[in-house]
Colleague: 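Please read through the structure below; I'll follow up with questions.
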Amino acid sequence: NPNKVAGYRLLGYENRMLRTEDFNDDTKDAGEIGAGHRVTALYEIVPAGEPMKVTETDDFKYQRPPGLTPEAETAEMLTLKIRYKAPDSDTSQKLEWTAADPGKDYGQATSDTRFAVAVAGFGMLLRDSQYKGNLTFDAVHELASAAVGSDPDGERSEFLTLVEGAKRLKGEADAAKRAAEEAAKAAPQ
């Protein structure tokens with residue numbers, strides 16, 4: 001809804017992106033989720049009115065963007081559309097959900113949501129994403145630690161150990177890189 005959202009970006013899944021025109025094409029596949037499995041998809045949303053980097057273009061001479069629909073005046077922020085095929089079918093079915101911004105702060109999010117945010121941040125650090133901003137392994141660890149919540153199988157605690165290990169390895173790699181750069185500077189030319 002352009003009245004609520006200036007832009008959005010799906011975190012991860014870059015290798016599973018479909019072209020818009022392929023969404024309704026049952027011969028195209030963006031990825032499979034087995035029966036009984038779950039996947040979490042996180043979107044970064046830029047609220048309407050916030051600054052956003054856009055490509056500047058000249059105005060179109062022969063066309064103008066269409067006007068907004070009545071739905072744009074509702075509290076709806078977005079509509080999520082998902083297509084699925086039943087195991088014994090070749091034809092997909094579409095499901096749709098709308099979402100509105102409940103106006104809550106990050107601290108009011110569920111521990112599951114806050115933990116998922118920490119995991120997404122960790123992924124951005126590991127990939128050295130251009131979108132990581134000033135995120136650090138320490139910040140990811142802090143976010144995840146505060147959101148461990150119920151952890152009956154110890155998987156969230158294991159994640160904290162992974163973050164600590166990645167931070168240590170990154171520090172060692174950075175130190176080795178600095179040492180190599182210093183040795184290159186000191187070597188006779």
Colleague: Would you say Ile45 and Ile82 are hydrophobically clustered, going by side-chain heavy atoms of ILVMFWY under 4.5 Å?
Modeller: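 Result: yes, single cluster for both.
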Colleague: Show the nearest heavy-atom pair for residues Ala118 and Phe159, with the distance to one decimal.
Modeller: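 The answer is O-CZ, 4.1 Å.
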Colleague: How many angstroms lie between atom OG1 of Thr113 and atom CD of Gln108, to the nearest 0.5 angstrom?
Modeller: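 Nearest 0.5 Å value for the OG1-CD distance: 12.5 Å.
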Colleague: With no hydrogens and no angle check, do the side chains of Glu73 and Asn3 hold a donor and an acceptor under 3.5 Å apart?
Modeller: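 Judged by distance alone, the side chains do pair up.
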Colleague: Walk me through whether Asp112 and Arg156 qualify under salt bridge (Lys or Arg N to Asp or Glu O under 4.0 Å).
Modeller: CA-CA 10 Å; Asp112 288 342; Arg156 292 185 179 196; 2.5 Å; yes
Colleague: Return yes if some donor-acceptor pair links the side-chain N/O of Ser145 with the main-chain N/O of His141 below 3.5 Å, else return no.
Modeller: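 Here the side-chain-to-backbone pair exists.
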Colleague: How about Glu71 and Asn1: do any of their side-chain heavy atoms sit closer than 4.5 Å?
Modeller: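 Glu71 does not reach Asn1 side chain to side chain.
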Colleague: If two hydrophobic side chains count as joined below 4.5 Å and joins carry through other members, does Val148 share a cluster with Tyr106?
Modeller: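 Per the 4.5 Å side-chain linkage, Val148 and Tyr106 are not co-clustered.
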Colleague: Can you see which heavy atom on Ala48 is nearest to which on Pro2, and at what distance?
Modeller: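 Minimum heavy-atom contact is CB-O, 3.7 Å.
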Colleague: Check whether more than 12 heavy atoms from other residues, nucleotides or ligands sit under 6.0 Å from atom CD of Glu164, and answer yes or no.
Modeller: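 Yes - once you tally the heavy atoms of other residues, nucleotides and ligands closer than 6.0 Å, there are more than 12.
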Colleague: Measure across Ala100 and Ala75 and return the closest heavy-atom pair with its distance rounded to 0.1 Å.
Modeller: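 Scanning both residues, the minimum pair turns out to be CB-O, 3.2 Å.
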Colleague: What heavy-atom pair brings Ala147 and Phe115 nearest, and what distance separates the two atoms?
Modeller: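 Answer, listing the atom of Ala147 first, then Phe115: CB-N, 3.6 Å.
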Colleague: In terms of side-chain geometry, is the basic nitrogen of Arg168 or Glu172 positioned less than 4.0 Å from the acidic oxygen of its partner?
Modeller: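 Between Glu172 and Arg168 there is a salt bridge, with a charged N closer than 4.0 Å to a carboxylate O.
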Colleague: Any chain of hydrophobic side-chain contacts (each under 4.5 Å) joining Tyr131 to Leu135?
Modeller: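 No, because Tyr131 and Leu135 fall into different hydrophobic clusters, even though each may have its own neighbours under 4.5 Å.
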Colleague: Looking at Glu21, I want to see if its CD is surrounded by more than 12 non-hydrogen atoms of other residues, nucleotides or ligands under 6.0 Å.
Modeller: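 Yes, CD of Glu21 has more than 12 neighbouring heavy atoms, counting only those of other groups under 6.0 Å.
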Colleague: Taking atom NZ of Lys167 as the centre, report whether more than 12 heavy atoms of other residues, nucleotides or ligands fall under 6.0 Å from it.
Modeller: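 Incorrect, the count does not exceed 12.
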Colleague: So how far is it from Phe122 CZ to Leu160 CG, rounded to the nearest 0.5 Å?
Modeller: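 It is 10.0 Å, given to the nearest 0.5 Å.
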Colleague: Supply the atom-to-atom distance Leu11 CG to Arg127 CZ, rounded to the nearest 0.5 angstrom.
Modeller: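 Between atom CG of Leu11 and atom CZ of Arg127 there are 9.5 Å.
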Colleague: Counting only N and O atoms by type, is there a donor-acceptor contact under 3.5 Å from the side chain of Asp151 to the main-chain atoms of Glu155?
Modeller: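 Yes, the answer is positive, given that a donor and an acceptor are paired below the 3.5 Å cut-off.
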Colleague: Are more than 12 heavy atoms from other residues, nucleotides or ligands located less than 6.0 Å from atom CG of Asp90?
Modeller: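 No, CG of Asp90 has 12 or fewer neighbouring heavy atoms, counting only those of other groups under 6.0 Å.
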Colleague: Is the backbone of Asp26 close enough, under 3.5 Å, to the side chain of Lys85 for a donor and an acceptor to pair up by distance?
Modeller: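 Indeed, once roles are kept as given, a pair shorter than 3.5 Å links the two residues.
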Colleague: What residues form a salt bridge (Lys or Arg N to Asp or Glu O under 4.0 Å) with Lys185, not counting sequence neighbours?
Modeller: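 Expected list: Glu182.
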Colleague: Nearest 0.5 angstrom please: Lys170 NZ to Asp128 CG, how far?
Modeller: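 It comes to 6.5 Å.
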Colleague: Under the side-chain hydrogen bond (donor to acceptor under 3.5 Å, both in side chains) rule, what pairs show up with a residue in residues 95-105, not counting sequence neighbours?
Modeller: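 Applying side-chain hydrogen bond (donor to acceptor under 3.5 Å, both in side chains) to every pair that reaches into residues 95-105, excluding sequence neighbours, yields Lys94-Glu96.
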Colleague: If two hydrophobic side chains count as joined below 4.5 Å and joins carry through other members, does Leu10 share a cluster with Leu78?
Modeller: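 Result: yes, single cluster for both.
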Colleague: Shortest non-hydrogen contact from Leu126 to Ala166?
Modeller: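 Between these two residues, the closest heavy atoms are CD2-CB, 4.2 Å.
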Colleague: Hydrophobic clustering (ILVMFWY, side-chain heavy atoms < 4.5 Å, transitive) - are Val163 and Leu143 grouped together?
Modeller: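 Looking at the clustering, Val163 is in a separate group from Leu143.
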Colleague: If a pair satisfies side-chain hydrogen bond (donor to acceptor under 3.5 Å, both in side chains) and one of its residues is in residues 33-48, list it, with sequence neighbours excluded.
Modeller: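 Listed once each, the pairs are Arg9-Glu44.
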Colleague: Quick one: closest heavy-atom pair of Glu50 and Ala6, and the distance?
Modeller: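 Taking every non-hydrogen atom into account, O-CB, 4.5 Å.
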Colleague: As an exercise, state the distance from CG of Leu95 to CG of Leu80, rounded to the nearest 0.5 Å.
Modeller: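 It is 9.0 Å, given to the nearest 0.5 Å.
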Colleague: Check step by step if side-chain contact (heavy atoms from CB on, under 4.5 Å) holds for Val5 and Met77.
Modeller: CA-CA 7 Å; Val5 177; Met77 180 186 232; 3.5 Å; yes
